Student: 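The structure under discussion is supplied below as structure tokens; questions concerning it will follow.
Model, not experiment: these values are computed from the prediction. Numbering of residues begins at 1 and proceeds along the displayed sequence.
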Amino acid sequence: MNQPAKIFDGFLVLQYRNGNKRALSLLVKRWHPKLCKHAFWYVKDMEAAKDIAQEGWQIILKKINNLKDVNSFGSWALVIVHRKALDYLRRQQKTSEKLRQLHHESKIDDTTRDIDTTGDSSHDFATDTTTEVIMRSIEKLPDNQQIVLKLFYVEAYSILEICNILEVSKGTVKSRLFYAREKLKLILKKKS
């Protein structure tokens with residue numbers, strides 16, 4: 001993310017801390033769509049993503065006065081939403097496991113076996129433009145590689161910022177980027 005944007009976010013945080021409520025509404029306006037997109041990247045359900053972002057804002061508001069580096073607001077907020085999205089996925093997985101267990105115990109008919117609790121992630125593409133082909137190809141990558149590609153290329157975060165957001169090492173981020181690019185090349189090569 002570019003430095004002027006980080007500085008502006010930091011300024012808004014300081015203004016909010018000093019009692020300027022309008023500064024918070026500007027932060028929300030700037031960051032809520034990004035936080036929703038970030039959550040959606042994990043959960044593939046827009047309504048759930050909005051709920052996760054909202055939960056994230058609750059934590060952000062509770063802890064914003066403790067933020068040491070106000071210019072790091074964006075990556076700090078993304079870390080919070082990242083954790084909330086992972087919590088959501090864990091809850092969904094537990095729910096799914098319980099449903100499977102209930103199915104097994106009660107021998108429910110096969111048509112209800114594969115209940116999708118994570119939402120519909122299918123996309124309806126009318127045309128086959130290059131961007132759409134690339135986006136569909138990216139969706140074939142493992143989730144951890146998709147996230148790194150998105151943060152690096154779409155959101156323009158540095159390797160170090162991605163390390164902080166995802167709470168992984170620098171080597172892990174570089175490795176995921178490398179393997180994601182290699183797999184993406186192979187997928188796109190097959191399409192051409």
Side-chain angles (χ1 to χ4, degrees), residues 1-91 119 121 131 134-135 138-139 141-181 184:
M1 180 159 236
N2 65 31
Q3 197 61 26
K6 288 181 182 181
I7 292 170
F8 184 64
D9 290 337
F11 172 75
L12 291 175
V13 170
L14 292 173
Q15 287 294 306
Y16 174 69
R17 285 180 178 176
N18 290 325
N20 182 345
K21 301 297 181 198
R22 174 121 170 85
L24 177 63
S25 68
L26 286 172
L27 273 174
V28 170
K29 187 175 184 176
R30 285 173 53 81
W31 279 96
H32 189 69
K34 293 176 188 176
L35 297 180
C36 287
K37 285 180 187 176
H38 189 70
F40 180 78
W41 195 265
Y42 288 94
V43 301
K44 310 293 191 242
D45 178 334
M46 188 48 80
E47 292 306 311
K50 288 176 183 176
D51 290 343
I52 291 167
Q54 192 62 40
E55 288 177 30
W57 279 111
Q58 291 171 355
I59 292 171
I60 289 166
L61 290 176
K62 284 180 189 173
K63 298 185 176 189
I64 198 164
N65 290 326
N66 300 330
L67 180 61
K68 289 182 175 88
D69 179 8
V70 293
N71 293 341
S72 68
F73 174 82
S75 57
W76 175 71
L78 285 172
V79 167
I80 291 170
V81 170
H82 167 80
R83 290 178 182 159
K84 285 290 171 191
L86 292 179
D87 289 346
Y88 173 85
L89 290 174
R90 284 186 203 105
R91 285 192 309 269
S121 64
T131 304
I134 292 171
M135 293 309 292
I138 289 173
E139 289 176 355
L141 298 173
D143 287 343
N144 60 3
Q145 292 176 0
Q146 288 183 41
I147 297 290
V148 171
L149 282 176
K150 175 189 174 258
L151 290 172
F152 190 74
Y153 289 108
V154 178
E155 300 292 331
Y157 282 99
S158 70
I159 300 283
L160 190 57
E161 289 172 320
I162 296 170
C163 293
N164 292 331
I165 291 168
L166 299 180
E167 299 174 317
V168 296
S169 71
K170 190 175 181 180
T172 300
V173 171
K174 287 182 174 182
S175 173
R176 288 179 185 173
L177 270 173
F178 173 79
Y179 287 111
R181 287 186 284 235
L184 194 57

Student: Of all heavy-atom pairs between Val79 and Asn164, which one has the smallest distance, and what is that distance?
Tutor: CG2-O, 3.2 Å
Student: Side chains of Trp57 and Leu35, heavy atoms from C-beta outward: is any pair under 4.5 Å?
Tutor: yes
Student: Are the side chain of Gln146 and the backbone N or O of Leu141 linked by a donor-acceptor pair below 3.5 Å?
Tutor: yes
Student: To the nearest 0.5 angstrom, please state how far the NZ atom of Lys150 sits from the OH atom of Tyr157.
Tutor: 8.0 Å
Student: Is a side-chain N or O of Gln15 found less than 3.5 angstrom from the main chain of Ala23, in a donor-acceptor match?
Tutor: no
Student: With under 30° as parallel and over 60° as perpendicular, where do the rings of Trp31 and Phe73 fit, or are they tilted in between?
Tutor: perpendicular
Student: Testing Asn144, Leu151, Leu149 one by one against Ile147 for a side chain to side chain contact (heavy atoms under 4.5 Å, CB included), which residue passes?
Tutor: Leu151
Student: Would you give the length of the straight line joining atom OG of Ser175 to atom NZ of Lys170, rounded to the nearest 0.5 angstrom?
Tutor: 14.5 Å
Student: Would you indicate whether the side-chain heavy atoms of Lys84 and Asp51 approach each other to under 4.5 Å?
Tutor: no
Student: Do Arg90 and Asp87 sit within salt-bridge range, that is, some charged N less than 4.0 Å from a carboxylate O?
Tutor: yes
Student: Which atom names give the shortest non-hydrogen contact between Leu166 and Tyr42, and what distance separates them?
Tutor: CD2-OH, 3.3 Å
Student: Which heavy-atom pair separates Val173 from Cys163 by the least distance, and what is that distance?
Tutor: CG2-SG, 3.8 Å
Student: CD1/Ile52 to CZ/Phe40 distance, rounded to the nearest 0.5 angstrom?
Tutor: 11.0 Å
Student: Say you draw a straight line from CG of Asn71 to CD of Gln3; how long is it, rounded to the nearest 0.5 Å?
Tutor: 6.5 Å
Student: How far apart are the closest heavy atoms of Asp9 and Arg30, and which atoms are they?
Tutor: OD1-NE, 2.7 Å
Student: Which atoms form the tightest heavy-atom contact between Arg181 and Tyr153, and what is the distance?
Tutor: NH1-OH, 2.6 Å
Student: Is it the case that the side chains of Thr172 and Ser169 hold a donor-acceptor pair, with the cut-off being a distance below 3.5 Å and no angle test?
Tutor: yes
Student: For Trp76 and Asp69, does a side-chain donor sit closer than 3.5 Å to a side-chain acceptor?
Tutor: no
Student: With rounding to the nearest 0.5 Å, note down the distance linking NZ in Lys174 to CD1 in Ile162.
Tutor: 11.5 Å
Student: Would you say Ile159 and Phe152 make side-chain contact, with heavy atoms under 4.5 Å?
Tutor: yes
Student: Side chains of Ile165 and His38, heavy atoms from C-beta outward: is any pair under 4.5 Å?
Tutor: yes
Student: Ignoring hydrogens, what is the shortest heavy-atom contact between Ala77 and Ile60? Give both atom names and the distance.
Tutor: CB-CD1, 3.7 Å
Student: Is the closest side-chain heavy-atom distance between Leu61 and Tyr16 below 4.5 Å?
Tutor: yes
Student: Roughly how far apart are Leu26 CG and Lys21 NZ, rounded to 0.5 Å?
Tutor: 14.0 Å
Student: Tell me if a side-chain donor or acceptor on Asn18 pairs with a main-chain N or O of Leu14 at a distance below 3.5 Å.
Tutor: yes
Student: Strictly distance-based, threshold 3.5 Å: is any side-chain N or O of Ser72 a donor or acceptor partner for the main-chain N or O of Ser75?
Tutor: no
